Amino acid sequence: MPELPEVETVRAQLEPKLVGRRLADVQIADHRLTRPHDPTVVAAELTGERVTALDRRGKYVVVRFKSGRVLLIHLRMTGQLLHVPAGLHDSAGLHDLAGLHDGSGSLPVDDPHRRAVVRLDDGSDVVYRDVRRFGTWLLIEPGEVDPYLAQRLGREPLAPAFTARRLGEALAGRKAPVKAAILDQRRLAGVGNIYADEALWRAQIHPQRPAGELTEAEIAALHRGIRAALRAGIARQGATLRDYRTPGGASGQMQHEFKVYGRTGEPCERCGSPIEKIRAAGRGTWYCPACQKLSS
DNA sequence: ACCTCGTCCTGGTTGC
DNA sequence: TGCAACCAGGACGAGG
């Protein structure tokens with residue numbers, strides 16, 4: 001599930017491949033990708049655009065064009081953006097990069113999960129894959145992107161302006177579990193299920209604590225925990241559970257560093273107690289019942 | 001305003 | 001062994 005660290009890794013790796021390039025040809029194979037807009041129309045509008053910047057906001061990849069228009073890409077659960085150098089199209093190498101081994105030593109001729117391909121003016125391709133088709137491409141007219149994002153996204157957790165005080169403001173008065181609160185993109189942009197659990201473990205806070213009841217010290221610890229977990233994820237190029245790949249096709253390494261996520265029954269690194277799995281905020285949630293107490 | 005839950009979607013896993 | 005049920009979860013809208 002691409003969260004902030006995965007999306008930031010994709011952005012950083014794609015940036016030098018995309019900035020300055022013109023979109024020579026755009027093919028969109030999935031009508032859901034550009035909903036509610038017609039993919040053929042979107043593809044035609046994208047063709048000829050020149051990329052001036054590749055940014056990230058929350059979990060969105062923000063592709064900025066010279067025209068002022070912006071393409072917002074959201075990978076949701078299983079979206080991938082892969083860069084394929086000129087001359088390697090449709091080769092076995094691409095399937096290898098995309099992690100499509102079928103275990104028999106042979107590689108599929110067609111990739112059924114390829115939803116879109118952008119040919120750049122240097123002959124390379126940006127391939128968009130998405131098994132579950134939750135991902136979205138939204139082409140936005142100049143001036144409309146800031147209001148669109150402002151309506152949906154809160155603060156960037158790694159920005160200097162995101163202080164413990166700001167986090168406290170976002171959590172104040174809320175009775176929802178703290179995990180639900182930090183997953184709320186309108187409060188905090190970019191934290192998903194994995195890094196929420198990892199951040200709460202670092203802060204030694206129970207995921208079901210009411211968000212508004214955290215003490216000042218706990219808010220400070222959570223602030224540090226969120227930023228440390230996200231930075232660790234970026235440093236490891238994200239976490240690959242199944243689908244996530246960098247644009248070069250590599251797996252992330254952060255899954256090897258998880259303190260709690262997916263580690264049911266394994267000893268807590270801090271206290272040795274077995275990690276437990278519960279359901280919180282409607283999501284699978286892992287935590288240490290000994291050092292993340294519900295009542296402090 | 002806040003909060004919870006259902007929906008979208010596919011493929012891997014579980015259970016009978 | 002076969003096959004249906006279940007599970008994973010980011011964003012969003014419905015309903016309380």
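Proteins come first, then strands; the chains are lettered A, B, ... in the order of their sequence lines, and each starts at number 1. What you are looking at is a predicted structure, and each value in this text was computed from that prediction instead of being measured.
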Closest nucleotide among B:dT4, B:dC2, B:dT10 to the A:Ala176 side chain:
B:dT4
A:Arg133 side-chain proximity, nearest of B:dT4, B:dG12, B:dT10:
B:dT10
Tell me the interatomic distance from A:Asp184, atom CG, to B:dC5, atom P, rounded to whole angstroms.
16 Å
I need the CD-P distance between A:Gln151 and C:dA11, as an integer number of Å.
15 Å
Atom-to-atom span, NE2 of A:His74 to C1' of B:dC8 - whole angstrom:
14 Å
Cationic N near anionic O, under 4.0 Å, A:Asp197 to A:Arg283
no
Distance check needed: C:dA8 C1' versus A:Arg76 CZ, whole Å only.
15 Å
Remember a base hit wins even if backbone is also touched, and classify A:Arg35 as base, sugar-phosphate or nothing at under 4.0 Å, heavy atoms.
nothing
Just N and O in the side chain of A:Lys175: are any of them under 4.0 Å from OP1 or OP2 of B:dC3?
no
Nearest to side-chain heavy atoms of A:Met77, which nucleotide of B:dG12, B:dC3, C:dG10
C:dG10
Quick one: which of C:dC12, B:dG11, C:dA11 gets closest to the side chain of A:Lys59?
C:dA11
To the nearest 0.5 Å, what is the distance between CD (A:Glu15) and CG (A:Leu54)?
6.0 Å
Could you tell me the separation between the CZ atom of A:Arg57 and the C1' atom of C:dG10, rounded to a whole number of Å?
16 Å
OP1 or OP2 of C:dA8 sitting under 4.0 Å from any side-chain N/O of A:Arg279?
yes
Out of C:dG10, B:dT4, B:dC2, minimum distance to the side chain of A:Glu3 belongs to C:dG10
Can you tell me how far P of B:dC5 sits from CG of A:Leu183, to the nearest Å?
14 Å
Can you figure out which of B:dT10, C:dA8, C:dA11 approaches the side chain of A:Gln185 most closely?
C:dA11
Could you go through the side-chain contact (heavy atoms from CB on, under 4.5 Å) check for A:Lys179 and A:Asn193 one step at a time?
CA-CA 9 Å; A:Lys179 174 159 178 180; A:Asn193 199 44; 2.6 Å; yes
Which nucleotide in C:dG10, C:dA11, C:dA8 has an atom nearest any side-chain atom of A:Lys277
C:dA8
Side-chain N or O of A:Arg152 versus OP1/OP2 of C:dA11: is the shortest distance under 4.0 Å?
no
Cluster membership besides A:Tyr287, Ile/Leu/Val/Met/Phe/Trp/Tyr side chains within less than 4.5 angstrom, sorted by chain and number, is A:Ile278
Separation between CG of A:Leu14 and CZ of A:Arg56, rounded to the nearest 0.5 Å
14.5 Å
So, is A:Arg242 near the phosphate of B:dG12, with a side-chain N or O under 4.0 Å from OP1 or OP2?
no
What orientation do A:His223 and A:Phe162 show, parallel under 30°, tilted 30 to 60°, or perpendicular over 60°?
tilted
Answer yes or no: side-chain N or O of A:Arg283 and base N or O of C:dG10 forming a donor-acceptor pair under 3.5 Å.
yes
Which is true for A:Tyr261 with a 4.0 Å heavy-atom rule: it touches a base, it touches only sugar-phosphate, or it touches nothing?
sugar-phosphate
Roughly, in whole Å, what's the span from CZ in A:Phe134 to P in C:dC12?
13 Å
Can you tell me the distance, in whole Å, between the CG atom of A:Leu241 and the P atom of B:dT10?
21 Å
